[in-house]
Amino acid sequence: MGEHARNHERSLVDPDGYWLRTAELIDWDVKPSRALDETKAPFYKWFPDGRLNTCANALDRHVDRGFGERTALIWDSAMVPAKRSFTYRELRDEVARVAGALRALGVDKGDRVIVYMPMVPEAVMTMLACARIGAVHSVVFGGFAPKELAARIQDARPKVVVAASCGIEPTRVVAYQPILDEALAMSDHRPDHTLMLQRDAQRAELGPGYLDWDDVVPTAAPAEPVSVAATDPLYILYTSGTTGKPKGVLRDTGGHAVALAWSMGAIYDVHAGDVFWTISDVGWVVGHSYIVYAPLLVGATTVVYEGKPVGTPDAGAFWRIVQEYGVRTIFTAPTAIRAIKKVDPKAAEVAAYDITSLAALFLAGERLDPETLQWASDALGVPVTDHWWQTETGWPIAANPRGLEPMPVKPGSATVPVPGWDVRVVDGEGRERETGREGEIVIKLPLPPGALTTLWGDDDRFVESYLSRYPGYYHTGDSGYIDDDGYLFVMGRTDDVINVAGHRLSTGAIEAALATHPAVAECAVIGIPDPLKGHVPFGLVVLKAGAAPDHDELRAELVAAVRRDVGPVAAFRDVAIVPALPKTRSGKILRRTMRGIANGRTEAVPPTIEDASVLDALKPILRDRP
Ligand code: COA
Ligand code: AMP
């Protein structure tokens with residue numbers, strides 16, 4: 001039995017023993033005496049009697065052990081452009097001041113702080129500062145519309161919002177304050193203060209309720225880390241569900257720290273002193289786990305990059321950074337590699353840099369197509385690893401465990417379930433499928449440390465969304481199959497969630513935006529294939545009786561409505577006006593069937609279809625998208 005299989009088996013047979021041993025990777029204020037608490041199942045808890053501080057584990061302990069001069073964080077902005085770097089000592093001191101500033105603003109243990117910032121070091125500092133004082137951060141991605149930000153403010157009810165004056169996109173500067181003001185106007189919750197980091201690209205006019213970061217943070221009394229229970233919340237991260245209302249994934253403190261620290265060695269083979277670069281955004285789970293927490297927990301150097309893969313200034317942006325900082329491992333989404341491949345198909349830009357420090361490329365966030373895998377493997381000459389996980393799980397469910405036991409790559413597969421994850425493939429009735437047959441991917445409970453513990457303030461929705469469809473199992477929402485070698489192949493979502501350029505979106509939220517148009521009677525949004533972004537949303541709209549708008553104008557208005565209500569990140573550009581939508585006799589729109597047709601898959605058309613000719617009429621529209 002190989003190292004991976006041995007670990008996987010032990011983790012499932014004796015989760016308590018396995019994770020208690022793994023907990024040695026973390027410094028505890030009070031060591032846990034046991035790992036798994038099943039008393040309130042399905043609300044499992046990890047390390048119920050342990051106490052720790054995640055920020056102290058990410059920063060102070062490395063300084064205390066004599067590694068204070070090691071580089072903790074390198075910030076490289078291709079957008080400003082600018083570069084800064086922080087040693088562990090410097091980062092600890094900065095974070096302690098931010099923590100002190102938050103405390104002076106009245107933030108206490110358990111209070112929520114919304115972080116609305118682009119890829120600047122202060123975003124990372126604010127997250128760690130919250131962890132330092134036991135506050136719960138909730139980071140909001142900058143590409144969302146005010147309505148999405150408002151929903152998060154409304155639900156999290158933050159004591160303080162920490163924002164930056166702007167984000168910088170290649171074609172425009174995105175002023176954050178107007179978005180924030182609009183969001184606050186939509187919410188009935190008022191934070192006590194908003195702390196604003198002024199960026200030169202666009203400074204904000206600070207009105208009442210706003211404080212300037214530079215007036216508050218540099219003079220703040222540094223705060224020491226507070227000891228919190230392992231089961232106390234570390235953060236809330238909102239993610240798209242099947243309805244328009246985002247789900248507040250709640251992460252605990254102890255399980256998260258243990259799982260992430262372990263994953264760095266076992267999966268990524270990255271250790272103290274190595275340079276690890278995750279190219280994502282702090283607003284996504286990938287950013288939380290692998291830009292901020294995991295690399296710092298193990299004493300590695302994390303690169304925080306503000307920019308795009310291409311055009312900043314050219315297709316060599318990534319390789320310049322690898323050369324300049326000696327990056328050992330990159331983690332990004334396949335879409336970023338496709339963007340580079342499109343403008344540099346022969347990888348001439350790769351050859352222009354010295355990338356000999358690079359040991360591996362990890363990709364996740366969407367399906368890795370075999371062509372992109374091949375191109376990246378050839379261009380970089382390093383192992384390219386697909387791995388699969390979700391906001392909810394917090395760290396990889398299936399991966400090629402490079403630190404534990406590197407395995408042969410199979411195109412299309414995220415390799416094998418990682419220790420801790422008991423992955424099964426079932427049919428609609430919950431019966432396990434034989435190998436090679438596609439079905440719903442579920443995970444037998446308990447989920448390992450680091451996975452979500454519930455949804456913020458909504459235990460019922462947690463159970464209903466993930467645990468009730470297949471009792472005893474977590475329902476991932478993805479379909480796939482396991483082959484005879486135990487490799488997992490993830491085929492795609494079975495629900496109304498889509499991934500656009502690695503960004504997770506709810507088609508329900510996009511439909512809600514379309515439905516606000518007075519001419520729209522009903523609509524459906526599905527994900528259709530896109531050569532760069534993997535999938536993009538495509539709208540089908542039926543007009544109200546008597547409505548006869550100019551179709552070009554209407555389409556432009558619908559695109560604008562989605563940008564207004566969901567945000568530019570939805571990348572919604574394509575909408576067809578159709579006479580009718582296919583439905584079952586009970587009136588349910590056949591989204592899944594349409595999705596199957598658009599994606600070239602054969603999905604059985606339900607026998608209960610109301611009028612098959614409606615679907616037949618749509619087939620060419622669905623198939624002929626670019
Ligand atoms: N703030 C404000 N607007 C943002 C934004 C942010 N943080 N991020 C994206 N947007 C905007 C973009 O400017 C664009 O606006 P536009 O319609 O005015 O052009 C729109 O949202 C769509 O953005 P995106 O899907 O990112 O497209 P893009 O053309 O800017 O870039 C990629 C495409 C593939 C290069 C880019 O998405 C990428 O690098 N993705 C991979 C990495 C990643 O972030 N993965 C996430 C999880 S692992
Ligand atoms: P997010 O919560 O944003 O991380 O998105 C999670 C979803 O992205 C998963 O449920 C999958 O549908 C998809 N996904 C993530 N990684 C992969 C992968 N390696 N292969 C296929 N799909 C993936």
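Whatever order the structure lists them in is the order used to number ligands and atoms, beginning at 1. Both backbone and side-chain heavy atoms feed into the values below; hydrogens, waters and symmetry mates do not.
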Enquirer: Provide, to 0.1 Å, the distance between atom 44 (O) of ligand 1 and the closest protein heavy atom, together with that atom's residue and name.
Expert: H503 CE1, 3.5 Å

Enquirer: Might you point out which heavy atoms bring I482 and V423 nearest each other, and give the distance in Å?
Expert: CD1-O, 4.0 Å

Enquirer: Can you list the atoms of ligand 2 that are under 4.0 Å from a heavy atom of H387?
Expert: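 Per the distance check, 16 (N), 18 (C), 19 (N).
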
Enquirer: Can you pull out the closest protein heavy atom to atom 18 (O) of ligand 1? Residue, atom name and distance to 0.1 Å, please.
Expert: R563 NH2, 2.8 Å

Enquirer: Note the single closest protein heavy atom to atom 5 (O) of ligand 2, along with its residue, its atom name and the distance in Å.
Expert: R504 CD, 3.6 Å

Enquirer: Is the backbone of L237 close enough, under 3.5 Å, to the side chain of R152 for a donor and an acceptor to pair up by distance?
Expert: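 Pair absent, no side-chain N/O of R152 close to backbone of L237.
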
Enquirer: Give yes or no for whether the N/O distance cutoff of 3.5 Å, strictly under, is met between T171 and ligand 1.
Expert: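 No; every N/O pair is 3.5 Å or more apart.
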
Enquirer: If you have a sec, work out which protein heavy atom is nearest atom 2 (C) of ligand 1 and how many Å separate them, to one decimal?
Expert: G142 O, 3.4 Å

Enquirer: Which bit of R573 is near ligand 1, meaning a heavy atom under 4.0 Å away: side chain, backbone, both or neither?
Expert: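 For R573, the contact with ligand 1 is made by the side chain alone.
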
Enquirer: Give a yes or no on whether the backbone of T476 and the side-chain of Q390 come within a donor-acceptor separation of less than 3.5 Å.
Expert: yes

Enquirer: For the pair D478 (side chain) and I441 (backbone), establish whether a donor and an acceptor sit closer than 3.5 Å, ignoring hydrogens and angles.
Expert: no

Enquirer: Ignoring angles and geometry beyond distance, decide whether K533 reaches within less than 3.5 Å of ligand 1 through its nitrogen or oxygen atoms.
Expert: yes

Enquirer: Should the pair R461 and Y466 be classed as cation-pi, given the thresholds of under 6.0 Å to the six-membered ring centre and 45° from the axis?
Expert: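 No, cation not above the ring by the 6.0 Å, 45° rule.
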
Enquirer: In terms of residue, atom name and distance, what is the protein heavy atom nearest to atom 7 (C) of ligand 2?
Expert: N499 OD1, 3.8 Å

Enquirer: Considering only non-hydrogen protein atoms, determine which one is nearest to atom 6 (C) of ligand 2 and report residue, atom name and distance to 0.1 Å.
Expert: W389 O, 3.6 Å

Enquirer: As an exercise, identify every atom of ligand 1 less than 4.0 angstrom from a heavy atom of G143.
Expert: 1 (N), 2 (C), 3 (N), 4 (C), 5 (C), 6 (C), 7 (N)

Enquirer: Among A364, P334, A501, which one puts a heavy atom closest to atom 37 (O) of ligand 1?
Expert: A501

Enquirer: Using only atom types and a distance under 3.5 Å, with no angle test, would you say the side chain of T393 pairs donor to acceptor with the backbone of W389?
Expert: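 Not at all, since once roles are kept as given, no pair shorter than 3.5 Å links the two residues.
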
Enquirer: Ligand 2 versus D386, non-hydrogen atoms closer than 4.0 Å: side chain, backbone, both, neither?
Expert: side chain

Enquirer: Do side-chain atoms of D483 reach the backbone of D485 as a donor and acceptor pair under 3.5 angstrom?
Expert: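 Yes, because the side chain of D483 sits within donor-acceptor range (under 3.5 Å) of the backbone of D485.
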
Enquirer: Which residue owns the protein heavy atom closest to atom 8 (N) of ligand 1, what's the atom, and how far is it?
Expert: F141 CZ, 3.4 Å

Enquirer: Is a side-chain donor or acceptor of E366 paired with a backbone partner of T335 at a separation under 3.5 angstrom?
Expert: yes

Enquirer: Quick one: closest heavy-atom pair of A315 and V343, and the distance?
Expert: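 In this case the closest contact between A315 and V343 is CB-CG2, 3.5 Å.
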
Enquirer: Say whether, by atom type as modelled, one donor and one acceptor occur between the side chain of H288 and the main chain of W284 under 3.5 angstrom.
Expert: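 Present.
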
Enquirer: For V292, is there any backbone N or O sitting under 3.5 Å from a side-chain donor or acceptor partner on T302?
Expert: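 Not confirmed, T302 side chain does not pair with V292 backbone.
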
Enquirer: Of all the heavy-atom pairs spanning S165 and M196, show the shortest one and how long it is.
Expert: N-SD, 3.5 Å

Enquirer: For S280, take its heavy atoms, then give the atoms of ligand 1 lying under 4.0 Å from any of them.
Expert: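 Those of ligand 1 that fall under 4.0 Å from S280 are 44 (O), 46 (C), 47 (C), 48 (S).
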
Enquirer: Quick check on contacts: which atoms of ligand 1 are under 4.0 angstrom from a heavy atom of G502?
Expert: 46 (C), 47 (C)

Enquirer: So if I count the atoms of ligand 1 from 1 in the order they appear, which ones are less than 4.0 Å from some heavy atom of V569?
Expert: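 Listed by number with element: 21 (O).
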
Enquirer: Any protein heavy atom sitting closer than 4.0 Å to atom 4 (C) of ligand 1?
Expert: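 True for atom 4 (C) of ligand 1.
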
Enquirer: Would you indicate which of E169, R172, M119 comes nearest to atom 15 (O) of ligand 1 when only heavy atoms are counted?
Expert: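 Comparing heavy atoms across E169, R172, M119, the nearest one to atom 15 (O) of ligand 1 lies in R172.
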
Enquirer: To the nearest 0.5 Å, how far apart are CG in L184 and CD in Q177?
Expert: 10.0 Å

Enquirer: Would you call the rings of H387 and Y268 parallel, tilted or perpendicular, taking 30° and 60° as the class edges?
Expert: perpendicular

Enquirer: Which protein non-hydrogen atom lies closest to atom 20 (N) of ligand 2, naming both residue and atom, and how far is it?
Expert: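 Ranked first by proximity to atom 20 (N) of ligand 2 is E366 O, 3.4 Å.
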
Enquirer: Between W277 and F318, is the ring centre distance below 6.0 Å?
Expert: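 Yes, close enough.
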
Enquirer: Specify whether the nearest protein heavy atom to atom 46 (C) of ligand 1 is under 4.0 angstrom away.
Expert: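 Given the 4.0 Å cut-off, atom 46 (C) of ligand 1 counts as touching protein heavy atoms.
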
Enquirer: I need the nearest protein heavy-atom contact for atom 13 (C) of ligand 2: residue, atom name and distance, please.
Expert: G365 O, 3.7 Å

Enquirer: If only atom types and distance count, is the side chain of T391 paired as donor or acceptor with the main-chain N or O of T239 below 3.5 Å?
Expert: no

Enquirer: Between T126 (side chain) and E122 (backbone), is there a donor-acceptor pair under 3.5 Å?
Expert: yes

Enquirer: Would you indicate which of L505, D478, T393, T385 comes nearest to atom 9 (C) of ligand 2 when only heavy atoms are counted?
Expert: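 Looking at heavy atoms only, D478 sits closest to atom 9 (C) of ligand 2.
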
Enquirer: At their closest point, which heavy atom of H535 faces which heavy atom of P529, and how far apart are they?
Expert: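 Distance-wise, the nearest heavy atoms are CD2-N, 3.7 Å.
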
Enquirer: Where does V500 meet ligand 1, judged by heavy-atom distances below 4.0 Å: at the side chain, the backbone, both, or neither?
Expert: neither

Enquirer: Does ligand 1 have an atom under 4.0 Å from some heavy atom of G365?
Expert: no

Enquirer: Do any N/O atoms on T332 end up under 3.5 angstrom from N/O atoms on ligand 1?
Expert: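 So ligand 1 has no N or O lying under 3.5 Å from an N or O of T332.
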
Enquirer: Among E306, E366, R338, K308, which one has a heavy atom closest to atom 31 (O) of ligand 1?
Expert: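 Going through E306, E366, R338, K308 one by one, K308 has the nearest heavy atom to atom 31 (O) of ligand 1.
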
Enquirer: With a cut-off of 4.0 Å, which atoms of ligand 1 are near a heavy atom of T335?
Expert: 34 (C), 40 (N), 41 (C)

Enquirer: Note the single closest protein heavy atom to atom 42 (C) of ligand 1, along with its residue, its atom name and the distance in Å.
Expert: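 Residue, atom and distance for the closest contact: I279 O, 3.6 Å.
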
Enquirer: Please identify which atoms of ligand 2 are closer than 4.0 Å to at least one heavy atom of T391.
Expert: 1 (P), 2 (O), 3 (O), 4 (O)

Enquirer: Of all the non-hydrogen atoms in the protein, which one sits nearest to atom 35 (C) of ligand 1, and at what distance?
Expert: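 Its nearest protein heavy-atom neighbour is P309 CD, 3.4 Å.
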
Enquirer: So which heavy atom in the protein is nearest atom 20 (C) of ligand 1, and how far is it from that ligand atom?
Expert: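 Going atom by atom, the protein heavy atom closest to atom 20 (C) of ligand 1 ends up being P568 O, 3.3 Å.
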
